[in-house]
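A quick write-up on the structure given underneath.
Atoms within a ligand are numbered from 1 in the order they appear, just like the ligands themselves. Bear in mind that the values here come from a model prediction, so they are computed numbers and not experimental data.
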Amino acid sequence: MMFSAKQRMEITEEMSKTTYDVLVIGGGITGCGIALDATTRGMKTALIEMQDFAAGTSSRSTKLVHGGLRYLKQFEVKMVAEVGKERAIVYENGPHVTTPEWMLLPIHRGGTFGKWSTSIGLWVYDHLARVKKEERRTMLSAHETLQKEPLIKQDGLLGGGYYVEYRTDDARLTIEVIKKAVECGAHAVNYVKAESFLYDENGRINGVTCREETTGKTFTIYAKKIVNAAGPWVDILREKDGSQVGKKLRLTKGVHIVVDQAHFPLKQAVYFDTPDGRMVFAIPREGKTYVGTTDTFYDGDRVHPKMTRDDRDYLLRAIRYMFPSVHLTEQHIESSWAGLRPLIYEEGKDPSEISRKDEVWQSPSGLITIAGGKLTGYRKMAETVVDLIAKQLGGTYPPCQTKHLPISGGDVGGASRWHTFMAEKIAEGMACGLTEQQAKRLVQRYGTNVDRLFAFASTYNRKETALPIDWYAMCLYALECEMTVTPLDFFIRRTGALFFDIHAVRQLKEAVVTLMQSYFHWTEEERNKYEQQVNAALHDAVIPCDEAQR
Ligand SMILES: Cc1cc2nc3c(=O)[nH]c(=O)nc-3n(C[C@H](O)[C@H](O)[C@H](O)COP(=O)(O)OP(=O)(O)OC[C@H]3O[C@@H](n4cnc5c(N)ncnc54)[C@H](O)[C@@H]3O)c2cc1C
């Protein structure tokens, strides 16, 4: 399998010499899902991503594999049913990146959901999504609700709904999907941008001119079918194809903030009302609590959406409203992230009212564009697109193969074996010199791929690196097996540390850059550039973009 950072040039060379059945543009969850589906049906498949994998929206979500309960209010029954059912499949195929998480929906007098509507809504939700019996919703009294989460506002509390969702790491999910696609034969590379399209004599699209972003070198890739899975950028590519007509995207921005559990000791994930009638999640994770999201129309820079003071203050107000005993100020915010929803424009609707449905569009040249959708529904979206491609390519391609296909790291023999697997592997990790806690974290994060990490851990020599043994193993694995090109790829999308362990980023950034410098033979100038990138990201995670200057 070619997926090491050092093989990128070899991969691009191979790409420029091959004619593919399918070329996917965009390495977010949508594009990676399509690459996996296409390659497992026997199509010769390539994928290019202009930044890092998942650097667009797919590392900036609420990180839930969920059916979207609130969409029931908009009567999007079909979407909720389909996406809801997908939750269990995503979990089964990747138990290391998906964890069941009980969600509490407090019901207050005058709130969005009443007691009966919550009870019926959650019942419908469970049945639409065919949730297993032991995971079906229960309704709680006010007292039981407070037992689950004592921080919830008592004033006007009528009770609560208690139901199951799944928590994920969106970027790691995306990376595990593309690793599986590569393992099955796809060619995929990051930091390669589709610049313009190529057409045959009949005006049919048949290739892409691309630019390798680290060297500036351009090359061409030819393919019978080209898929535009560029998320918030899909309209830019449609414009290049001359097919930007009819429906288009409207971007909305969503911000999350992260606070240490010492200041916001939330025990239980909560989905709650805000003063302006929207709903927001507060989720405990890795010793932190994260809260989001906002939802506002956005026309700014797509690559670097950022938190503003208004976003921050909105979320702090929401916390104050539902958790009155929690006294947070901006000083308590440890980290944040902002993402852009690539929604399909609907005239006259507010950001939160616009449908999250996905749609597939085809241009006269044959460019296939997939827009909208959710992280959770990625597999079904891929199936729809690849069914269409299979029909157009002719030949005898089998139906979708991914329903029972574990993603990379997920092949533990079924999700029900996950806990046994963890226990066995933690013991092995400890035999390689890791503490129990370190071993557990690696097993949880990497699933069956953890053997490679243990192998790296066994070569650890504390005289050669300032990194602790687990970080050393993660860094080498990220370079050798997950095409990590920059320190930020590692700190954001391979480990999520910039969001949930920002102190470790501050502490370890120099050691990571040093390890990467010797791995890639960076000049001092390159090293400085990457160090500055990390420092800028550390700054932007905490300080709103319209506040203090750097
Ligand atoms: C705040 C927020 C919260 C959300 N929460 C959830 C949630 O909890 N659960 C859920 O299921 N969904 C959630 N979503 C939705 C979900 O995150 C998105 O639907 C999904 O990530 C979109 O993935 P994508 O692959 O279509 O887009 P992206 O992840 O943006 O991927 C598109 C990629 O295309 C690349 N690209 C663009 N142009 C080019 C080019 N010319 N050449 C090469 N590459 C290119 C970009 O760099 C980008 O990486 C949320 C979204 C937001 C914004």
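- Here D21 does not pair with K44 in a salt bridge; the nearest charged N to carboxylate O distance is not below 4.0 Å.
- For the residue pair T45 and H187, no side-chain donor N or O sits within less than 3.5 Å of a side-chain acceptor on the partner.
- Using a distance-only test at 3.5 Å, with no hydrogens or angles considered, a donor-acceptor pair links the side chain of Q7 to the main chain of S4.
- By the salt bridge (charged side-chain N to carboxylate O under 4.0 Å, His left out) test, D273 is found to be paired with no residue, residues two or more places apart in sequence or in another chain being considered.
- Taking the charged nitrogens against the carboxylate oxygens, R317 and D313 have no contact shorter than 4.0 Å, which rules out a salt bridge.
- Figure legend: R285 and F500 shown as a cation-pi pair, the cationic atom lying under 6.0 angstrom from the six-membered ring centre and within 45 degrees of its axis.
- Within 4.0 Å of ligand 1, counting heavy atoms only, the contacting residues are I25, G26, G27, G28, I29, T30, I48, E49, M50, Q51, G56, T57, S58, R60, S61, T62, K63, L64, H66, V192, K193, A194, A229, A230, G231, P232, W233, L237, G254, H256, T293, G339, L340, R341, G373, K374, L375, T376.
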